[in-house]
Amino acid sequence: MTTTFVVNDGAFVSRSVRGACPHDCPDTCALITTVENGVATRVQGNPDHLHTGGVLCAKVSKYTKRTYHPERLLTPMKRSGPKGSGQFTPVSWDEALGDIAARLAAIAQRAPEAILPYSYAGTMGMVQGESMDRRFFHQLGASQLDRTICASAGAEALVQTLGGKVGMKVEFFAESKLIIIWGSNSIGSNLHFWRFAQQAKRDGARLVCIDPRKSETADKCHEHIALRPGTDAALALALMHELIVNNWLDHDYIARHTLGWETLRERALQWPPERAAEVCGIPVEQIRQLARDYGTTKPAAIRLNYGMQRVRGGGNAVRAVACLPALTGAWRHRAGGMLLSSSGQFPAQRAVLQRPDLMPAKTPRTINMSTIGDDLLREASPAFGPKVEAIVVYNSNPVAVAPDSGKVVQGFAREDLFTVVLEHFQTDTADYADYILPATTQLEHWDVHLSYGHTDVVLNRPAVAPVGQARSNAQIFRDLAARMGYTEPCFADSDEALCRQAFGDAVDYALLESQGFATLAVPDAPFAEGHFPTPSGKCEFFSARLAAQGLDGLPDHLSNYELAGTSARHPLAMISPPARNFLNSTFVNVQSLRDIEGRPVLEMHPDDAEARGIANDAVVRVFNDRGSYLCHATVSRRARPGVVNGLGIWWRKLGLNGTNVNEVTSQALTDLGRAPTFYDCLVEVEACNTPAAAHATA
Ligand SMILES: Nc1nc2c(c(=O)[nH]1)N[C@H]1C(S)=C(S)[C@@H](COP(=O)(O)OP(=O)(O)OC[C@H]3O[C@@H](n4cnc5c(=O)[nH]c(N)nc54)[C@H](O)[C@@H]3O)O[C@H]1N2
Ligand SMILES: Nc1nc2c(c(=O)[nH]1)N[C@H]1C(S)=C(S)[C@@H](COP(=O)(O)OP(=O)(O)OC[C@H]3O[C@@H](n4cnc5c(=O)[nH]c(N)nc54)[C@H](O)[C@@H]3O)O[C@H]1N2
Ligand code: SF4
Ligand SMILES: [Mo]
C-alpha cells in the first residue's frame, strides 16, 4: 500500500503519501503529502502521530516551494569557469559519473586517504544520510569524517554521565510541574516539545528559560535567566550547592543509583551561589530561587538543547546539568528527569547499513569536520597523512556553516582540490565544485528516520517522481560504486531494501508501512530504578573513563577560550543561534521564508549600540582577528549587555558583501567530543558607512 487514500475522479487523481520530515530538528515530524496528478501540492503534519499532532513548522509547511523551486538543480553540472565562480554547464549523468569515478580511482591508487567525504544532517535519513555513501567510502579506503559539527560535546557528556543519548520521553513534559528550558529556543527549534510544555503551563507548571538571549521562548516563560555564554556549569554547580546545603536531596536515589557522590559533593560545595552569580553575571537571588524551585517542585524536568554546548566547556556543562535529576531523584517520575537527545534509544543497525568491515585492514585516518578550514590547507606530513586532494560533499553546506569561513573558503578555492557536491541547490559550497550532482528531496525518495527528540521511527515513502534528472544520494553512490567496479553484493541494495535493513527485526516494518511510524517500547520512566546504560549501571557523577583519559572525572566549570573582559580590542561576546525560519543554512533561498527573516541581523543591547554610535537597522561590521562580516544591527533588549547575537546561518551570497557570521567564529574545539565552539567568540562591532556596505545583495 503506497498511499493513505486515493481519490480518482475521472482524469483527476489525488493521493496522500505518508512521509517523514528529513531536517536536522529534534521533532522528526510525520508528514502527509497531497499529490495531485503526480505533483505534490501540499505537505501537512500527520494528525495520527502523537508528537506531530498534525502541526508542522512554517518552514516545512512550505516544503513544495523547496521541491519545485525554480532554482532546483535538475541535471549534473560541470565547472566551466574559474574555481568558485559558480559557472557550470550541464552534462549527462554518464559523463559526470564516468569522470568522477576515474578521478577518484586515480587518487585512490596512490593515496585513498587523500579522498574525504564531507556530510552532515541535511537529511537525517538513515538511507540518504548514512548507508550507501558509507559503504562506498569504506570500500574506497577514504579518510573517515568525524561528524562533530553540532552535537558531539553534549553527546559525549551524556555518554559519560547517563551512558548514552537517552532521557525522558518528550510527551511526559506535559505532566511536569517545573520545566527548565536550558540553552534552547524551543519555539523556533523544537516546536513539538514546546506544545507539551504549553500544556504543562496551562496545568500550572512553572517554566524557566536559561539563555543569554531573550529568545521568543524566554518571552513565554515565567522566568528568564540571562547568564553569560559558556557559564552554565557554574550555574549547575551552584544549584547543586543549594540542593546540598538545604538538603533537597533524594538520599536513597543517590545511594542506590549514582557513582561518585562524595567527590561531587565536595566539588559542588566550592560553588556557593555568590561565586556562580559573579561568573554567570546574574543576581544571586535568581540562583537561590531556581534551586529552591528545582529542589522542592515535583516532578521537575529539564529540556536541554545543544545551544549550551558550543563553547570550550560545553561538555562539562552538559555533564553538570545531567547530574541534577539524580540528586533530587527526579528520574523516579515519568515527568521528571531531563532530555537532550533520545537518539541512543533506537536499535539502529549501523554496521549493517554502513559496513565498516569493507574498510582496508589499516583503518584510514579520521578528519574532524569542524576543522575543515585548517585541514584543507594542510600539507602532507607524517602526523596528518596525505594532503586532501578530493572532497565529496553531500547533506551539508560547509562553506556557509563551518567555523572560520575565511579558511574554509581558501581551502575550497584550491585549484588542486577535486570537489564533488551532491545538492538540491547551488549553495555557497556548490559554487566551489568541479561537479554538482542533483539530488532528490524527501518528497522524491525512500528513507527511514530515527529522532533525537522523540522515540518513534518514521518511514518516508516517495510521494512524487524525481524532479528533473535528480537521483537519491544512495542511488548516486550505488552508481559510483558500479563505475568503480565494486562487486560486493551490498552495493546493489535498493533504497527500499536499505530502509528495511536500518532497524532489521528490531522495528515492525509492516507497521511502518501501514501507519507511517512505529513507537519504540521504551519504559515511561526509564531510570526510576537506576538501570542507566553506563558501565556501572549508575548515573556517573564521577566518570572513571574520563579520568582514565587524563581528564577531570567530575564536571567543572571551564571558562570560555575567548572570555569577555580579556580583550580590549574585541570586548563583545558573540553567539550565533539559529534563525526561526531557516534550518541552519537550509531554506535561506526560499524567498517567502527569507522575507520573514528580512536580512542578516546582529542583535545588540541599547547600551552597547549607543556606546558605538550604532542606530537600529544600521549596517555594521562585526570583526575580530579571524575576519569580519557585514549585517544590520537590531538594537534590542533581546541581547544582554556585552553579548551580541548574530542570528544564523545566511547563505554568504545572499548576505551582505558575500559574508556571513562564520567569518568570525573559531576552529577551537570543546573540552569533550571534539566539537566546534561557535558561541565562544569575541568580536567588536562598528558602524559601517562605506559604499560597499550599501551593496547588499539581499
Ligand atoms: N528553526 C530552526 N530550528 C532548528 C535549527 C535551525 O537552524 N532553525 N537547527 C536545528 C539544529 S541543527 C539543532 S542542533 C537543534 C538545536 O539547536 P540549538 O543550537 O540548540 O538551537 P536552539 O534551540 O535555537 O537554542 C539555542 C539557544 O541557546 C542559546 N545559547 C547560546 N549560548 C548559550 C550558552 O552558553 N548557554 C545557554 N544556556 N544558552 C545558550 C541561544 O541564545 C539559543 O536561544 O535545532 C534544530 N532546529
Ligand atoms: N555560526 C554558527 N554556525 C553553525 C551553527 C550555529 O548555531 N552557529 N550551527 C551548527 C549546527 S548545529 C549544524 S547541525 C551545522 C549544520 O550544517 P549543515 O549540516 O551543513 O546544514 P545545512 O546548512 O542545513 O545544509 C544542509 C545541506 O544539505 C542539503 N540536503 C538536504 N537534503 C539532501 C539530500 O537528500 N541530498 C543531498 N545531496 N543534499 C541534501 C541541503 O540542500 C543543504 O544545502 O551548522 C553549524 N554551524
Ligand atoms: S518542526 Fe522540525 S521536524 Fe517538524 S516539520 Fe519542522 S523542521 Fe521538520
Ligand atoms: Mo545541529
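Counting from 1, the numbers follow the sequence of the chain as shown. Counting starts at 1 for both ligands and their atoms, in listed order.
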Heavy-atom gap Ala151 to ligand 1 smaller than 4.0 Å: no
Proximity flag His445 to ligand 2, non-hydrogen atoms under 4.0 Å: yes
Sub-4.0 Å heavy-atom contact, Lys59 with ligand 1: yes
Atom 11 (C) of ligand 1 [closest protein heavy-atom partner, distance rounded to 0.1 Å]: Asp24 O, 3.3 Å
Thr427-ligand 2 polar pair, N/O distance under 3.5 Å: no
Whether Glu444 lies under 4.0 Å from ligand 2, heavy atom: no
Worked verdict on Arg312 versus Asp671 for salt bridge (charged side-chain N to carboxylate O under 4.0 Å, His left out): CA-CA 6 Å; Arg312 175 181 168 224; Asp671 53 348; over 6 Å; no
For atom 16 (C) of ligand 1, the protein heavy atom that lies nearest, with its residue and separation: Asn305 OD1, 3.4 Å
Any Arg228 heavy atom less than 4.0 Å from ligand 1: no
Atom pair CD1 (Ile180) and CG (Leu290), whose distance is rounded to the nearest 0.5 Å: 4.5 Å
Sub-3.5 Å N/O-N/O distance, Gln128 and ligand 2: no
Any side-chain donor near an acceptor of the partner, Thr634 and Ser636, under 3.5 Å: no
Salt bridge present between Glu223 and Lys214 (N-O < 4.0 angstrom): no
Asp495 and Arg478 ion-paired at < 4.0 Å: yes
Nearest-contact summary for atom 8 (N) of ligand 1 - protein heavy atom, Å: Phe582 O, 2.6 Å
Cationic N near anionic O, under 4.0 Å, Asp219 to Arg638: yes
Short N or O distance, Phe425 and ligand 2, threshold 3.5 Å exclusive: no
Mutual orientation of the aromatic rings belonging to Tyr394 and Phe137 [parallel < 30°, tilted 30-60°, perpendicular > 60°]: parallel
Shortest protein contact, atom 25 (O) of ligand 1 (heavy atom only): Asn185 N, 3.1 Å
Proximity flag Tyr452 to ligand 1, non-hydrogen atoms under 4.0 Å: yes
Top protein contact for atom 20 (O) of ligand 1, by heavy-atom distance: Gly307 N, 2.8 Å
Contact check, Asn190 vs ligand 1, heavy-atom distance below 4.0 Å: no
Minimum-distance protein heavy atom relative to atom 44 (O) of ligand 1: Asp211 OD2, 2.5 Å
Polar atom proximity, Pro398 to ligand 2 (N or O, under 3.5 Å): no
Heavy-atom nearest neighbour in the protein, as seen from atom 17 (O) of ligand 1, with distance rounded to 0.1 Å: Arg310 NH2, 3.7 Å
Residue-ligand contact Gly314/ligand 1, heavy atom below 4.0 Å: no
Aromatic ring proximity, centroids under 6.0 angstrom, His192 and His51: no
Protein contact to atom 4 (C) of ligand 1 [nearest heavy atom, distance to 0.1 Å]: Ser189 CB, 3.4 Å
N/O separation below 3.5 Å, Glu423 to ligand 2: yes
